[in-house]
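First comes the structure, then the notes that go with it.
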2 protein chains.
Amino acid sequence: MADLRGGDLSRLRQLNSLTAIRELRGSGPLTLSALAERTGLSRPSMKEVTAELMALGWVEEVPPSQGTMGRPARRYRFRADSGHLVGVDIGGHNIRAALSDLDGRVLAETRQPVSLDAPLADRLVAIERAVTGCLTLSRTRMEDLWLIAVGTIGVIDIEGRVIYSAAVPAWRDLDLAGELGRMFPCQVLIENDSRLAAMAESRRGVARGANDVVFLHVGRRMGAGIMLGGKVHRGFGAAAGEISMLPEARWFDAPEHLNTCASVPAGTPPEDAAGHTLSAARDGDPVAIEAVERYVDDLAVGAAAMVLILDPQMVVLGGGFSRSADVLLDRLRARLERKCMRMPEVRASTLGDECVVMGAIDYAVEHLDEQLFTPDKGPLPVTR
Amino acid sequence: MADLRGGDLSRLRQLNSLTAIRELRGSGPLTLSALAERTGLSRPSMKEVTAELMALGWVEEVPPSQGTMGRPARRYRFRADSGHLVGVDIGGHNIRAALSDLDGRVLAETRQPVSLDAPLADRLVAIERAVTGCLTLSRTRMEDLWLIAVGTIGVIDIEGRVIYSAAVPAWRDLDLAGELGRMFPCQVLIENDSRLAAMAESRRGVARGANDVVFLHVGRRMGAGIMLGGKVHRGFGAAAGEISMLPEARWFDAPEHLNTCASVPAGTPPEDAAGHTLSAARDGDPVAIEAVERYVDDLAVGAAAMVLILDPQMVVLGGGFSRSADVLLDRLRARLERKCMRMPEVRASTLGDECVVMGAIDYAVEHLDEQLFTPDKGPLPVTR
DNA sequence: GCTACTAATGAAGCGCTCCTTCGTAAGTGC
DNA sequence: GCACTTACGAAGGAGCGCTTCATTAGTAGC
């Protein structure tokens with residue numbers, strides 16, 4: 001509403017075309033009348049819009065559905081297959097990639113393990129392999145990629161440089177946008193992974209329909225992503241959501257309660273310790289339960305800070321530990337209930353490990369929408 | 001961009017009319033050509049728009065400016081005087097009101113002292129007096145009031161009920177919207193006072209031009225207001241910004257450091273104690289300085305939480321203690337510099353005690369804009 | 001196999017909004 | 001009083017969306 005400047009007549013057509021595409025994308029093939037009803041336009045106008053979209057290659061006709069009363073209506077669908085998107089999740093230990101059509105429907109997925117302290121070159125190679133893996137799996141050519149969206153750990157500045165990364169040494173002070181821009185021939189978007197996870201949950205996960213969502217990444221490291229008004233909240237310098245940096249929020253060392261619990265068997269590899277503790281707590285081990293209580297005590301402080309400041313509709317628990325959401329959720333709820341002014345819904349992620357990749361794809365889809373009718377903005381193929 | 005659905009042609013005209021009004025409001029009288037250039041429309045179209053706006057009574061012609069080359073251009077201005085707005089600040093000890101024209105230019109101001117523990121009826125009477133005082137001062141009739149916006153301490157829910165108020169006993173569980181709706185014959189908007197203060201600072205105060213602003217109310221009580229993307233951030237349940245409720249954020253008791261400082265002379269009334277401490281610190285009293293340091297230590301925790309979570313462009317220090325911003329600002333900056341990921345600008349409020357009233361007026365003006373062309377929404381007079 | 005019914009199609013005509021273009025009008029400067 | 005500058009106002013045209021109506025392509029019933 002704010003940046004709306006009316007203007008030309010053609011702008012009106014653009015907007016109407018865009019809403020038509022959004023409707024088509026959301027609901028599969030639609031008849032002209034259905035489309036007209038949904039967009040609020042008249043049928044003849046809608047017809048003109050679809051004709052234009054078909055000429056542009058965005059929309060195509062599909063065979064009419066049979067068995068209906070009256071003359072069968074022509075049906076149109078968004079040509080989601082006329083281009084491809086890739087979402088990448090650059091984690092500490094794994095690099096995931098997924099290739100999707102323009103609707104965000106996943107066509108191929110890959111995963112490349114990578115060690116935390118791998119040198120930069122290895123990590124970059126793993127990224128390239130993850131993406132090319134998706135391409136071969138789905139028999140897609142690199143030239144058919146329109147957009148790659150990348151979610152990564154660390155704080156990324158507006159230009160796509162990694163300005164902070166506690167976990168991954170090779171990642172610090174890296175011009176990630178530059179590296180990936182050289183690697184792939186299409187546009188590359190870079191975003192913080194927790195923000196993308198938040199987006200995925202609010203688009204296709206447990207928070208679908210909620211516009212104001214806080215995503216808590218609980219795992220070996222802590223993080224948070226924020227959706228406000230249905231949009232990713234990046235902040236003025238793209239550093240929003242970094243509450244784990246604040247000692248008083250007690251997030252940074254919170255996982256230690258689970259890692260150092262006495263009920264973890266000796267010899268357990270450190271990356272599995274927290275999982276053991278959570279399982280033991282589920283089975284009723286009082287020592288483990290005590291550790292979990294202390295963990296959630298800490299978790300709740302940062303979470304309450306976010307809830308009190310933002311007042312979101314929903315808090316989504318994601319990340320590695322959210323597999324044990326049954327152990328964590330009610331405990332977190334109880335503490336937030338005491339600390340918060342207005343209690344938000346608190347739910348566990350339904351997308352799990354796929355969260356960030358899915359969010360990256362959703363992010364790419366959103367960007368696509370925005371660029372559909374501003375061809376000067378980015379090098380998007382218009383017809384095919 | 002998101003809620004934009006194109007649609008009718010007349011919608012286009014509405015939007016263009018609205019941008020025209022915004023330009024006129026912002027820049028005083030404008031010629032047709034200037035207006036056309038600013039809005040991006042052609043001169044003939046602009047002429048039609050202004051003709052319509054003049055017919056509606058929103059815009060009027062003013063004498064052309066002299067001494068220019070060529071034929072003098074007709075000039076148009078927004079008829080800011082065709083209606084009036086009132087902003088009210090319901091504080092603990094004072095009730096302020098200001099009457100403005102539709103541009104938000106203040107025409108009259110009043111203040112009504114009221115004691116913290118005054119019964120509800122007295123407080124409501126004081127509100128009415130503050131408003132009617134403005135009316136008589138500016139010789140305005142109650143019927144010429146279009147909109148009253150009220151900022152108040154406490155947490156207000158979406159329906160305008162006070163659901164929490166630590167400071168003012170009479171305020172709790174009050175249906176404020178209902179009470180004020182019965183009191184005044186026009187529409188009444190209610191909002192949290194810190195949010196309105198944030199709005200005022202970002203519209204006409206020190207944060208003018210900044211879209212992402214955190215306003216910290218530092219005074220006998222602590223509060224915060226958030227502007228994101230140029231809009232007040234209310235949160236899903238209108239409870240955003242209440243970080244002072246979190247003990248770990250150390251805001252709630254922070255003022256005690258100043259109140260209980262040993263350098264405050266015995267017999268000082270409690271409400272003046274903090275002021276004494278701040279003055280003494282300015283004069284170099286080491287005991288007072290120590291108290292201030294501890295105060296800012298606490299203040300910085302909650303402030304850092306907000307900055308880390310939101311990553312605003314600017315943090316504005318307002319409220320009673322901000323009169324001593326010279327004592328506080330650099331100390332706060334130093335701490336935030338250590339705690340935050342990206343350091344925002346930190347500035348002192350320039351509007352002082354007027355902050356909330358001004359914000360209320362700005363809030364009313366904004367609402368007006370939104371309702372200009374949706375007459376079904378509220379009972380706004382269209383012509384005069 | 002024919003008729004009645006249903007629902008979508010396609011074309012025609014209208015109104016609104018914006019655009020460009022042009023001759024005209026009203027000032028200033030010499 | 002004349003040239004120059006700048007704005008005004010009217011005319012004509014293009015784009016977009018709307019309503020209306022005859023036509024078309026199916027199903028359902030007899």
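Computed from heavy atoms alone, side chains included, the values below leave out hydrogens, waters and symmetry copies. Every chain is numbered from 1, with letters handed out A, B, ... down the list of sequences.
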> Tell me: CD of B:Glu37 to P of C:dC19, nearest whole Å?
Replying inline: 14 Å

>> According to side chain to side chain donor-acceptor pair (under 3.5 Å), who are the partners of B:Ser33, at least two apart in sequence or on a separate chain?
In response: none

> Can you list the residues that meet the ring pair (Phe, Tyr, Trp, His ring centres under 6.0 Å) rule with A:Tyr363, with sequence neighbours excluded?
Replying inline: A:His367

> If each of A:Ser10 and B:Ser33 is mapped to the nucleotide of DNA chain D with the nearest heavy atom, which maps nearer the 5' terminus, i.e. the 5' end?
Replying inline: B:Ser33

>> Using the side chain to side chain contact (heavy atoms under 4.5 Å, CB included) definition, which of the options A:Leu135, A:Leu85, A:Ile361 pairs with A:Leu99?
In response: A:Leu135

> Can you tell me how far P of D:dC16 sits from CD of B:Gln14, to the nearest Å?
Replying inline: 20 Å

> For B:Arg139, which residues count as a salt bridge (charged side-chain N to carboxylate O under 4.0 Å, His left out) partner, sequence neighbours excluded?
Replying inline: none

> In residues 42-50 of chain A, which ones come under 4.0 Å of DNA chain C, going by heavy atoms?
Replying inline: A:Arg43, A:Lys47

> Rounded to the Å, how far apart are A:Leu15 CG and D:dG15 P?
Replying inline: 18 Å

>> OP1 or OP2 of C:dC18 versus the side-chain N and O atoms of B:Arg13: is any pair under 4.0 Å?
In response: yes

> With sequence neighbours left out, what residues match B:Glu109 under salt bridge (charged side-chain N to carboxylate O under 4.0 Å, His left out)?
Replying inline: none

Could you go over nucleotides 24-30 of chain D and give all protein N or O partners under 3.5 Å, atom names and distances?
unit_1, atom_1, unit_2, atom_2, d
D:dT24, O2, A:Arg71, NH1, 3.1

> To the nearest angstrom, how far is B:Leu32 atom CG from C:dC18 atom P?
Replying inline: 13 Å

>> Please confirm whether the shortest side-chain N or O distance from A:Asn16 to OP1 or OP2 of D:dC16 is below 4.0 Å.
In response: no

> side-chain contact (heavy atoms from CB on, under 4.5 Å) with A:Gln313: which residues, sequence neighbours excluded?
Replying inline: A:Ala210, A:Glu345, B:Phe236

>> If I take atom CG in residue A:Leu12 and atom C1' in nucleotide C:dC19, what distance separates them, rounded to the nearest angstrom?
In response: 15 Å

>> Going by the rule side chain to side chain donor-acceptor pair (under 3.5 Å), which residues pair with B:Arg204 if we only count those two or more places apart in sequence or in a different chain?
In response: B:Asp362

>> I'd like to check the salt bridge (charged side-chain N to carboxylate O under 4.0 Å, His left out) partners of A:Arg74; sequence neighbours left out, ordered by chain and number.
In response: A:Glu61

>> With heavy-atom distances below 4.5 Å as the criterion, would you say the side chains of A:Trp146 and A:His84 are in contact?
In response: no

